[in-house]
**Q** 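The structure that follows is given in the form of structure tokens.
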Amino acid sequence: MIYAVIMSGGLGSRFWPKSRKGLPKQFLKIIGQKTMIENTVDRISTIIPRENIYVVTNQNYVGIIKKLLGFDNKNIFKEPLNKETASCIGLAAVKLLKKDFEATMVVLPSDHLIIGQEEFEQTIKRAIDVAQDGDYLVTMGVAPTRPEIGYGYIEVGDKIQDNVFRVKRFIEKPNLDVATSFIEKGNFLWNSGMFVWRADRLLREIKKYLPDLYKNLMRIYEYIGTEDEEKVIKEEYEKIDGISIDFGVMQRTHRAVVIPTNFVWDDIGSFTSLERFLSKDENGNIIQNCEAAVMDVKNTTIMGDKRLVAAIGIKDMLIIDTDDVILVCPKDRAQSIKDLVKKISSSEEFEKFI
């Protein structure tokens, strides 16, 4: 059977201070009238029935997910600690395998924007067929429209089927010159972070490339459905050295293939990425959720809360106002917000603002 696994444990730190530890980006209404996780569930539920859609999340977000999605406990896989995506996806794999030895997983981030429902459905269905028939680890790649330094890239290898290619290599977040060269070469795709595979195949690859994690997952597998399940998960998670599924498995396996997509995709990873989807005034300014008094202001994004935001004589800036934090940042430093959050997190004085 086919199951959707939605990863929803991230903090969205590049979207701080809108995205917080208590209410991260996936639970916000970034674009439109629904939260990002609601949109993700709606998108995949046209292919996979809601009873087969599962969310993997930090235990602190269970209440939010129940409220937003109407899910009950059986459709929520709780992680006691954040140990990156390899353990997150691995936990889902052993849980589903315990339920269904032929489980196929469609793994999706909870906080991406996709436009083009029909194309999305066609791609997912094609990926399911390839994963089941060829026993491949399937990822979906997006044709780059700009030299984006905030995304990972996939170098496309040999064609093995119609619109299915071997992955030659993955490249994590290159600098601008390298990203520009990828565009020019034409055989690189953005890594969308969406995957399809059989749960048993994924676990065989984890056994091969991440043997310690495999042992942790197999002990969890033994206790699924018992009264000691949560205790054992916590014990094993404390032993895990976190690593992403990209670094841990996809960059090493020989079974990775990529399907180029035709839908519009964006991970909305930063405030600057919103510019492509929100309306601007005649001076290129985006003003959202607030009143703003501006003079000689150009190409600036202002997001507020309750207060009037006033600005004079600035351009290419971000001004993000919340109840307790005001962020002022040049747009070309938007990627540094994540570093600022790390710095603030290490301070006892400021940790409450994360």
**Q** What pair of heavy atoms forms the shortest contact from Ala92 to Met105, and how long is it?
**A**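 What the structure gives for the nearest pair is CB-CE, 4.0 Å.
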**Q** Using modelled atom types and a 3.5 Å cut-off, is there a donor and acceptor pairing between side-chain atoms of Thr322 and backbone atoms of Val325?
**A** yes
**Q** Give the C-alpha distance, both sets of side-chain angles, the deciding distance and a yes or no for side chain to side chain contact (heavy atoms under 4.5 Å, CB included) between Tyr153 and Phe170.
**A** CA-CA 6 Å; Tyr153 287 73; Phe170 289 85; over 6 Å; no
**Q** Does any non-hydrogen side-chain atom of Phe182 lie less than 4.5 Å from one of Pro174?
**A**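 Contact flag for Pro174/Phe182 side chains = yes.
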**Q** Has the side chain of Gln26 got a donor or acceptor atom that lies under 3.5 Å from a matching backbone atom of Ser8?
**A** yes
**Q** Tell me, yes or no, whether the heavy-atom count around Tyr237 atom OH, taken from other residues, nucleotides or ligands under 6.0 Å, exceeds 12.
**A** yes
**Q** Does Phe277 reach the side chain of Ile268, with side-chain heavy atoms less than 4.5 Å apart?
**A** yes
**Q** Any non-hydrogen side-chain atom of Val297 less than 4.5 Å from a side-chain atom of Asn283?
**A**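 Val297 vs Asn283: side chains apart.
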**Q** What pairs meet the salt bridge (charged side-chain N to carboxylate O under 4.0 Å, His left out) rule with one or both residues in residues 57-80, with sequence neighbours excluded?
**A**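 Checked against salt bridge (charged side-chain N to carboxylate O under 4.0 Å, His left out) - neighbours excluded - the pairs reaching residues 57-80 are Lys78-Glu230.
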**Q** Kindly indicate whether the side chain of Thr253, heavy atoms from C-beta on, has any atom under 4.5 Å from the side chain of Arg201.
**A**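 The answer is no, as the side chains (C-beta and beyond) never meet within the 4.5 Å cut-off.
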**Q** Please identify each residue that fulfils side-chain hydrogen bond (donor to acceptor under 3.5 Å, both in side chains) with Gln288, with sequence neighbours left out.
**A** none
**Q** Can you label the angle between the Trp197 ring and the Phe195 ring as parallel, tilted or perpendicular, going by 30° and 60°?
**A**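 Rings of Trp197 and Phe195: parallel, under 30°.
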**Q** Could you list the residues that satisfy side-chain hydrogen bond (donor to acceptor under 3.5 Å, both in side chains) with Lys34, not counting sequence neighbours?
**A**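 Per chain and number, Lys34 pairs via side-chain hydrogen bond (donor to acceptor under 3.5 Å, both in side chains) with Asp42.
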**Q** Going through the checks in order, is the side chain to side chain contact (heavy atoms under 4.5 Å, CB included) test met by Leu327 and Leu340?
**A** CA-CA 11 Å; Leu327 171 72; Leu340 178 62; 4.3 Å; yes
**Q** Are the side chain of Ser192 and the backbone N or O of Val142 linked by a donor-acceptor pair below 3.5 Å?
**A**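 No; judged by distance alone, with no hydrogens or angles, the pair does not exist.
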**Q** To the nearest 0.5 angstrom, please state how far the CD1 atom of Ile114 sits from the CE atom of Met140.
**A**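 The CE atom of Met140 is 9.0 Å from CD1 of Ile114, to the nearest 0.5 Å.
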**Q** Would you mind listing every salt bridge (charged side-chain N to carboxylate O under 4.0 Å, His left out) that reaches into residues 169-192, with sequence neighbours excluded?
**A** Glu155-Arg169
**Q** Are any non-hydrogen side-chain atoms of Ile319 and Ile314 less than 4.5 angstrom apart?
**A** yes
**Q** Ignoring hydrogens and angles, tell me if any N or O in the side chain of Asn75 forms a donor-acceptor pair with the backbone of Glu51 under 3.5 Å.
**A** yes
**Q** Which heavy atom of Asp305 sits nearest to which heavy atom of Cys290, and what is that distance?
**A** N-CB, 4.2 Å
**Q** Can you run down the salt bridge (charged side-chain N to carboxylate O under 4.0 Å, His left out) pairs that involve residues 80-107, sequence neighbours left out, and say none if there aren't any?
**A**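 Checked against salt bridge (charged side-chain N to carboxylate O under 4.0 Å, His left out) - neighbours excluded - the pairs reaching residues 80-107 are Lys95-Glu229.
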**Q** With salt bridge (charged side-chain N to carboxylate O under 4.0 Å, His left out) as the criterion, how do Lys239 and Glu235 come out once you've worked through the C-alpha distance, each side chain's angles and the decisive distance to 0.1 Å?
**A** CA-CA 7 Å; Lys239 302 174 188 175; Glu235 289 173 356; 5.9 Å; no
**Q** Considering the options Ile47, Val138, Thr46, Thr261, which one meets the side chain to side chain contact (heavy atoms under 4.5 Å, CB included) requirement together with Ile124?
**A** Ile47
**Q** Within a reach of under 6.0 Å around CG of Asn60, are more than 12 heavy atoms found that belong to other residues, nucleotides or ligands?
**A**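 More than 12 heavy atoms, drawn from other residues, nucleotides or ligands, come within 6.0 Å of this atom.
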**Q** Which residues satisfy the side-chain hydrogen bond (donor to acceptor under 3.5 Å, both in side chains) test with Asp129, sequence neighbours excluded?
**A** none
**Q** Is any side-chain heavy atom of Leu113 closer than 4.5 Å to a side-chain heavy atom of Ile30?
**A**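 Result no, sub-4.5 Å side-chain heavy-atom pair not found.
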**Q** Is there a donor-acceptor pair under 3.5 Å between the side chain of Ser45 and the backbone N or O of Arg43?
**A** no
**Q** Is a donor on one side and an acceptor on the other found under 3.5 Å between the side chain of Thr139 and the backbone of Gly193?
**A** no
**Q** What residue pairs, at least two apart or across chains, pass salt bridge (charged side-chain N to carboxylate O under 4.0 Å, His left out) with a residue in residues 314-324?
**A**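 Checked against salt bridge (charged side-chain N to carboxylate O under 4.0 Å, His left out) - neighbours excluded - the pairs reaching residues 314-324 are Arg20-Asp324, Arg307-Asp321.
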**Q** Taking C-beta and beyond as the side chain, do Ile259 and Asn163 meet within less than 4.5 Å on heavy atoms?
**A**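 Sidechains of Asn163 and Ile259: in contact.
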**Q** Pairs in or reaching into residues 118-145: which pass ring pair (Phe, Tyr, Trp, His ring centres under 6.0 Å), with residues at least two apart or in two chains?
**A**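 Sorted pair list: Phe120-Phe263.
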**Q** Kindly indicate whether the side chain of Pro17, heavy atoms from C-beta on, has any atom under 4.5 Å from the side chain of Phe353.
**A** no
**Q** To the nearest 0.5 angstrom, please state how far the CG atom of Leu318 sits from the CD1 atom of Ile337.
**A** 6.0 Å
**Q** Taking side-chain hydrogen bond (donor to acceptor under 3.5 Å, both in side chains) as the test, write out the residues that go with Arg166, two or more places apart.
**A** none
**Q** Can you list every pair that meets ring pair (Phe, Tyr, Trp, His ring centres under 6.0 Å) and has a residue in residues 46-67, with sequence neighbours left out?
**A** Phe27-Tyr61, Tyr54-Phe77
**Q** Taking atom CD of Gln335 as the centre, report whether more than 12 heavy atoms of other residues, nucleotides or ligands fall under 6.0 Å from it.
**A**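 Enclosed: over 12 neighbouring heavy atoms sit under 6.0 Å from CD of Gln335.
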**Q** Measure the spacing between CD1 of Ile149 and CG of Asn175 and express it to the nearest 0.5 Å.
**A** 8.0 Å
**Q** Tell me if the NZ atom of Lys342 is crowded by more than 12 foreign heavy atoms within 6.0 Å.
**A**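 At most 12 heavy atoms, drawn from other residues, nucleotides or ligands, come within 6.0 Å of this atom.
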**Q** Please tabulate, one pair per line, all N/O donor-acceptor pairs under 3.5 Å involving side-chain atoms of residues 207-218, not counting sequence neighbours.
**A**
{"unit_1": "Tyr209", "atom_1": "OH", "unit_2": "Arg252", "atom_2": "O", "d": "3.3"}
{"unit_1": "Asn216", "atom_1": "ND2", "unit_2": "Glu236", "atom_2": "OE1", "d": "2.9"}

**Q** For the backbone of Lys343 and the side chain of Ser346, can you confirm whether one donor and one acceptor N or O come within less than 3.5 Å of each other?
**A** yes
**Q** Working to the nearest 0.5 Å, report the span between CG of Leu108 and CD1 of Ile48.
**A** 7.5 Å
**Q** Can you see which heavy atom on Glu148 is nearest to which on Ala179, and at what distance?
**A** O-CB, 4.0 Å
**Q** Could you grab the distance from atom NZ of Lys338 to atom OG of Ser270, nearest 0.5 Å is fine?
**A** 11.5 Å
**Q** List for me each residue that meets ring-ring contact (aromatic ring centres under 6.0 Å, His included) alongside Trp16, sequence neighbours excluded, and say none if there are none.
**A**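 ring-ring contact (aromatic ring centres under 6.0 Å, His included) check on Trp16 returns nothing, list empty.
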**Q** Can you list the steps and then say if Ile302 with Asn285 is a side chain to side chain contact (heavy atoms under 4.5 Å, CB included)?
**A** CA-CA 8 Å; Ile302 300 173; Asn285 300 315; over 6 Å; no
**Q** Go through it in stages, so that I can follow the logic: the residues are Asn299 and Lys331, the test is side chain to side chain contact (heavy atoms under 4.5 Å, CB included), and I'd like the CA-CA distance, side-chain angles, deciding distance and then a yes or no.
**A** CA-CA 9 Å; Asn299 196 30; Lys331 285 187 178 182; 3.2 Å; yes
**Q** Within this structure, what is the CG-CD1 distance for the pair Leu91 and Ile233, rounded to the nearest 0.5 Å?
**A** 5.0 Å
